[in-house]
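What you see below is based on every heavy atom in this structure, not just the backbone, and it leaves out hydrogens, waters and symmetry mates. In listed order, ligands and their atoms are each counted from 1.
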Amino acid sequence: MNSEIMKCKRCRLHETRTNAVPGEGPMDARVMFVGEGPGKKEDEKGRPFVGRAGELLNEMLLHADLSREQVFITNIVKCRPPGNRDPREDEKKTCSEYLSRQIEIIKPRAICTLGNHATSHFLGVGEMGKRHGRTFQVEQMTVIPLYHPAAALYNPNLKGVMKEDFLSLRKILY
Ligand code: URA
């Protein structure tokens, strides 16, 4: 599927991308993290969460005694929206077919959505408010909404909350 994603032209995002970013991690990962879409660094490298938000994600994973090598990391849209604008409804809808196939193959025990876009894809609502760190059953998937690491870069108060959520994630997984 990665080669299919890499040459995908199903939506307008292919026109401005450098590299598509299918996602990475073991095909039998217990947990899948789903972000919004690649940023500048990710577009350059073809890998998810390799910029500043990615550094914070790595830190959170370590805090929960999880390593990047253990988890599968991907995004709702696999190509960078130009200028990091929000992905549009039609782009999310078209691209999420790849995500569904990834979930079907990997069969993760839990899907952690990072931020509002990924959360609303699964739950229909995006606001984190009281939802973050909790477990939701959606069509036989276990979904755990988490704050997007970029949100904690802008609002350092969120870092402590994220740490707690990641710790509880570990307990759910093991
Ligand atoms: N933000 C995202 O949502 N995804 C990435 O891959 C990088 C930053």
Side-chain angles (χ1 to χ4, degrees), residues 1-2 4-6 8 11-14 16-27 29 31-64 66-103 106 108 110-123 125-128 131-133 143-156 158-159 161-163 165-166 169:
M1 183 180 0
N2 285 6
E4 195 182 332
I5 296 174
M6 248 101 86
C8 179
C11 86
R12 65 182 78 73
L13 293 181
H14 82 273
T16 45
R17 74 176 174 223
T18 312
N19 291 295
V21 183
E24 64 186 22
M27 298 314 277
V31 58
M32 178 186 274
F33 287 86
V34 183
E36 175 180 328
K40 191 166 186 288
K41 275 259 158 64
E42 290 76 19
D43 173 70
E44 281 165 15
K45 303 228 155 109
R47 296 182 54 209
F49 282 95
V50 287
R52 284 184 63 214
E55 280 170 27
L56 189 57
L57 177 61
N58 294 347
E59 191 186 322
M60 292 295 152
L61 287 169
L62 277 183
H63 184 67
L66 293 165
S67 70
R68 255 186 98 113
E69 290 68 38
Q70 269 175 284
V71 304
F72 194 89
I73 305 178
T74 189
N75 285 296
I76 296 282
V77 295
K78 312 300 194 205
C79 295
R80 181 190 184 209
N84 292 353
R85 66 159 168 77
D86 285 347
R88 296 183 185 149
E89 281 311 315
D90 62 322
E91 295 159 356
K92 291 194 277 188
K93 188 157 184 274
T94 308
C95 203
S96 63
E97 198 222 302
Y98 291 123
L99 179 62
S100 303
R101 279 161 61 191
Q102 287 172 321
I103 294 169
I106 296 167
I111 298 169
C112 294
T113 55
L114 298 170
N116 299 3
H117 280 277
T119 301
S120 70
H121 175 75
F122 290 94
L123 301 190
V125 280
E127 303 85 59
M128 283 303 145
R131 296 191 182 91
H132 67 89
V143 178
I144 306 172
L146 298 172
Y147 282 108
H148 195 289
L153 289 176
Y154 290 109
N155 176 2
L158 283 184
K159 221 175 141 175
V161 182
M162 281 188 82
K163 279 186 167 177
D165 287 350
F166 271 75
L169 168 66

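For the atom pair CD1 of I111 and OG1 of T119, the computed distance is 11.5 Å after rounding to the nearest 0.5 Å.
With a 4.0 Å heavy-atom cut-off, ligand 1 is reached by the backbone of E36 and by its side chain too. Using a 4.0 Å cut-off between heavy atoms, H148 contacts ligand 1 through its side chain alone, with no backbone atom that close.
Checking only distances, G37 does come within under 3.5 Å of ligand 1, N or O to N or O.
With distances taken over non-hydrogen atoms, the option nearest atom 4 (N) of ligand 1 out of N75, D43, I73, I76 is N75.
Screening R80, R85, K78 for a salt bridge (charged side-chain N to carboxylate O under 4.0 Å, His left out) involving E91 leaves a single residue, R85.
Other residues, nucleotides and ligands place more than 12 heavy atoms under 6.0 Å from the CZ atom of R12.
Residue-ligand proximity, G35 to ligand 1, at heavy-atom distances under 4.0 Å covers atoms 3 (O). Those atoms of ligand 1 that come under 4.0 Å of a heavy atom in P48, given as number and element, are 6 (O).
The aromatic rings of H148 and F49 sit tilted, their planes meeting at an angle between 30° and 60°.
Panel note: side chain R17, backbone M6; a donor-acceptor pair is recorded below 3.5 Å.
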Report the C-alpha distance between K92 and H117 in whole Å, list the side-chain angles of each, state the deciding distance to 0.1 Å, and finish with yes or no for side chain to side chain donor-acceptor pair (under 3.5 Å).
CA-CA 9 Å; K92 291 194 277 188; H117 280 277; 3.0 Å; yes
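Closest protein heavy atom to atom 8 (C) of ligand 1: F49 CE2, 3.8 Å.
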